[in-house]
Amino acid sequence: MRTLIKHLLAAKEPRAGVLVQGWVRTRRDAKGFSFVEVNDGSCLAHVQVVVDATIPGAEHLAEVTTGASVSVVGDLVPSPAAGQQWELRATRLELVGPADATYPLQKKGHSLEFLRTIAHLRPRSNLFGAVFRTRSRLAHAVHRFFQERDFVYVHTPIITTSDCEGAGEMFRVTTLRGDIDRAPERDFFGRRAYLTVSGQLEAEALACALSNVYTFGPTFRAENSNTARHAAEFWMIEPEMAFCDLAADMDLAETFIKAMARAMWEDCAEDLGLFEKFVDREVRRRLEFVVERPFQRVPYAEAVEILQRAGRSFEFPVEPGAHLQSEHERYLTEEHFRAPVTVFNYPRAIKPFYMRLNEDGRTVAAMDLLVPGIGEVIGGSQREERLDQLLDNLRFHHLEPADYAWYVDLRRYGTVPHAGFGLGFERLLMFLTGVGNIRDVIPFARTPGHAEF
RNA sequence: UCCAGAGUAGCUCAAUGGUAGAGCAGCCGGCUGUUAACCGGCGGGUUACAGGUUCGAGUCCUGUCUCUGGAGCCA
């Protein structure tokens with residue numbers, strides 16, 4: 001039976017007759033035998049396989065090159081040389097699949113740009129193996145966080161017919177041919193359909209029945225955004241809580257970020273070492289910062305005053321009532337507070353219709369959680385639960401109430417105060433690993449002009 | 001979409017307007033319980049594409065394409 005290398009290297013004592021299967025990273029030949037480094041993706045480390053030229057299968061050693069797949073039976077023994085605790089003394093070698101000289105991954109380092117052009121092979125590099133293992137473990141940590149707190153994992157639709165969620169350009173889904181706008185009633189769903197840009201509205205419906213829920217699934221934006229932080233297809237995490245106000249929402253967001261930083265620390269220790277060494281020397285310090293520093297909270301109006309008093313010129317001037325620019329957000333968290341900051345109570349006009357109007361009639365119960373190095377990682381709000389006020393909000397934003405009939409219904413029948421937030425899983429990964437480009441935390445990224453894999 | 005920068009060997013990069021080079025990878029040989037092994041040799045190019053200036057263009061100009069960084073939109 002196959003033993004994964006992560007388990008093999010954690011062995012406390014020698015083991016005879018183990019089976020290792022994986023991909024060759026490099027081979028070094030010596031007189032009468034060879035060293036073959038094998039990696040199976042179970043961990044960052046390779047196992048050094050010592051292949052004597054006389055064992056069965058050794059006649060194929062010339063083809064055991066970087067990239068080839070092999071199956072090795074051997075004995076795990078202490079390594080007599082420095083560099084590794086254990087090595088596998090092979091008794092039988094099988095070349096499963098050769099990789100000829102055209103195999104594009106070399107032993108030396110490659111640029112991230114080049115690796116993106118071979119997205120199907122880059123998981124075999126140290127960096128991308130580490131990124132995708134981390135992605136898996138953090139996805140698990142997300143579920144663990146909410147499940148431990150009795151949140152119900154809900155699956156909101158990927159295909160939606162509501163084209164007015166206000167979260168960005170949408171991808172059209174259709175089975176029509178030719179002019180798809182001529183007779184949308186003849187389309188598959190009897191109307192225009194799109195890929196979802198957010199599961200929030202549906203999550204609110206489920207929260208108003210199951211109390212605390214969360215979504216964690218794919219989301220799509222057809223924006224022509226060409227930046228290191230945007231993808232057309234990404235995964236979003238959206239908790240929604242009934243009988244909950246903005247303060248409790250902010251509490252949860254801060255607890256969540258701290259928990260994710262701790263999960264990175266505890267569950268991804270080996271890969272974190274690689275990120276720290278080759279990707280971002282500050283990444284470990286940033287995790288400490290998030291886990292240990294108390295989070296700050298500041299109302300939007302006060303944040304604007306802080307920025308105006310900052311005594312420095314921003315590329316974009318600070319305008320009361322306008323969106324905070326990324327440089328403003330980063331100043332607040334990195335320089336002024338030197339801590340993660342939650343900004344709340346934003347002007348009504350710059351936030352969506354579903355956010356709850358505050359008593360002042362000018363601001364809404366919205367919050368953004370800002371962290372150093374990234375800026376906003378979480379955006380959330382208390383939702384408008386008052387029927388009349390929600391209808392007023394729709395009018396205020398020039399939206400048609402009829403388009404939101406079922407959503408408005410939630411306020412008509414047993415409405416409750418409720419709140420939630422959303423965050424992009426990939427942005428979280430970028431923050432926790434230090435990887436600077438969203439295209440490098442997604443195995444096969446979709447960005448404008450790119451879906452070739 | 002806007003602004004800036006960059007496209008040279010399979011990869012990473014050099015090359016005052018004057019004969020396109022190195023390291024790595026590959027191939028051949030050597031050495032060695034090796035550690036992104038090491039040593040010697042060999043092959044490897046329509047300098048992104050199209051036009052222009054010039055005696056002469058990888059280098060200067062124009063256009064196109066692609067990529068990267070920043071911005072906007074946002075998560």
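Below, each value reflects all heavy atoms present in this structure, side chains not excepted, and no hydrogens, waters or symmetry copies. Order of the sequence lines fixes the chain letters, A, B, ..., with proteins taken first and strands second; residue numbering starts at 1 for each chain.
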When rounded to whole Å, the CD to P distance for the pair A:Gln200 and B:rC74 reads 15 Å
Nearest-angstrom distance from the residue atom CD of A:Glu63 to C1' of B:rG26: 15 Å
Indicate, with a heavy-atom threshold strictly under 4.0 Å, whether A:Phe35 touches base, sugar-phosphate, or nothing. base
Pick base, sugar-phosphate or nothing for A:Ser111, based on heavy-atom distances below 4.0 Å to the nucleic acid. sugar-phosphate
No-H, no-angle donor-acceptor pair, A:Asn226 side chain to B:rU1 base, under 3.5 Å: yes
What nucleotide among B:rG26, B:rG69, B:rG33 has an atom nearest to a side-chain atom of A:Ala101? B:rG26
B:rU68 OP1/OP2 closer than 4.0 Å to side-chain N/O of A:Arg116: yes
Determine: side-chain N/O of A:Ser326 to OP1/OP2 of B:rC73, distance under 4.0 Å, yes or no. no
I want to confirm an ordering. Mapping A:Glu452 and A:Thr227 to their closest nucleotides on RNA chain B, which one lands closer to the 5' end? A:Glu452
What integer distance in Å separates A:Ile350:CD1 from B:rG72:P? 14 Å
Can you say whether the rings of A:Phe33 and A:Phe35 are parallel (under 30°), tilted (30 to 60°) or perpendicular (over 60°)? perpendicular
Using a heavy-atom cut-off of 4.0 Å across all strands, would you classify A:Glu327 as base, sugar-phosphate, or nothing? nothing
Pairs involving residues 62-113 of chain A, ordered by first then second residue, that meet ring pair (Phe, Tyr, Trp, His ring centres under 6.0 Å) (sequence neighbours left out): A:His110-A:Phe114
Any strand: nucleotide that pairs with B:rA50 via Watson-Crick or wobble, under 3.5 Å: B:rU62
Using a cut-off of 4.0 Å on non-hydrogen atoms, how would the nucleic acid contact of A:Leu428 be classed: base, sugar-phosphate, or nothing? nothing
Lys NZ or Arg CZ of A:Arg221 over A:Phe234 ring: under 6.0 Å, within 45°: no
Value in whole Å for how far the C1' atom of B:rA36 lies from CG of A:Leu44: 14 Å
With both distances under 3.5 Å as the test, what is the Watson-Crick or G-U wobble partner of B:rG21? B:rC13
A:Phe171 vs A:Phe220 aromatic rings, parallel, tilted or perpendicular, using cut-offs 30° and 60°? perpendicular
Whole angstrom is fine here: how far is it from CD in A:Gln84 over to P in B:rA36? 10 Å
Does the base of B:rC74 carry an N or O that pairs as donor and acceptor with the side chain of A:His230 under 3.5 Å? yes
Walk me through it: do A:Arg330 and A:Glu334 pass the test salt bridge (Lys or Arg N to Asp or Glu O under 4.0 Å)? CA-CA 6 Å; A:Arg330 293 188 61 168; A:Glu334 291 171 13; 2.8 Å; yes
Does A:Arg28 make a side-chain N or O approach to OP1 or OP2 of B:rA37 shorter than 4.0 Å? yes
Phosphate-side-chain proximity, A:Arg439 and B:rU68, N/O vs OP1/OP2 below 4.0 Å: yes
Say you pick atom C1' in B:rU47 and the same atom in B:rU66; how far apart are they, in whole Å? 16 Å
Strand partner of B:rG5, provided both Watson-Crick or wobble distances fall under 3.5 Å: B:rC67
A:Pro104 near the nucleic acid: base, sugar-phosphate alone, or nothing, with a heavy-atom cut-off under 4.0 Å? nothing
Lys NZ or Arg CZ of A:Arg149 over A:Phe145 ring: under 6.0 Å, within 45°: yes
From B:rG33, B:rG72, B:rU68, nucleotide with atom closest to A:Glu113 side chain: B:rU68
For a quick test of reading the model: is some side-chain N or O of A:Ser225 closer than 4.0 Å to OP1 or OP2 of B:rC74? no
Testing B:rC74, B:rU12, B:rG33 for proximity to the side chain of A:Val50, the answer is B:rG33
Counting only side-chain N and O atoms of A:Arg25, is one of them less than 4.0 Å from OP1 or OP2 of B:rU35? no
In whole angstroms, the gap separating P of B:rG26 from CD of A:Gln106 amounts to 8 Å
Under 3.5 Å on both distances, the Watson-Crick or G-U partner of B:rC27: B:rG41
Can you name the side chain to side chain donor-acceptor pair (under 3.5 Å) partners of A:Thr102, sequence neighbours left out? A:Asp100
For B:rG17 versus B:rU1, give the span between their C1' atoms, rounded off to a whole number of Å. 37 Å
Could you tell me how the ring of A:Trp235 sits relative to the ring of A:Phe216: parallel (under 30°), tilted (30 to 60°) or perpendicular (over 60°)? perpendicular
State whether the distance check finds a donor on one side and an acceptor on the other, under 3.5 Å, for side chain A:Glu87 versus base B:rU35. no
Quickly work out the A:Glu329 CD to B:rC74 P distance and round it to whole Å. 11 Å
Base, sugar-phosphate, or nothing: which does A:Phe425 touch, judged by heavy atoms less than 4.0 Å apart? nothing
On RNA chain B, compare the nucleotides closest to A:Gln48 and A:Thr26; which residue's is nearer the 5' end? A:Gln48
If pairing requires Watson-Crick or G-U wobble contacts with both distances under 3.5 Å, which nucleotide is the partner of B:rC73? none
B:rC74 P sits how many Å from A:Leu423 CG, rounded? 17 Å
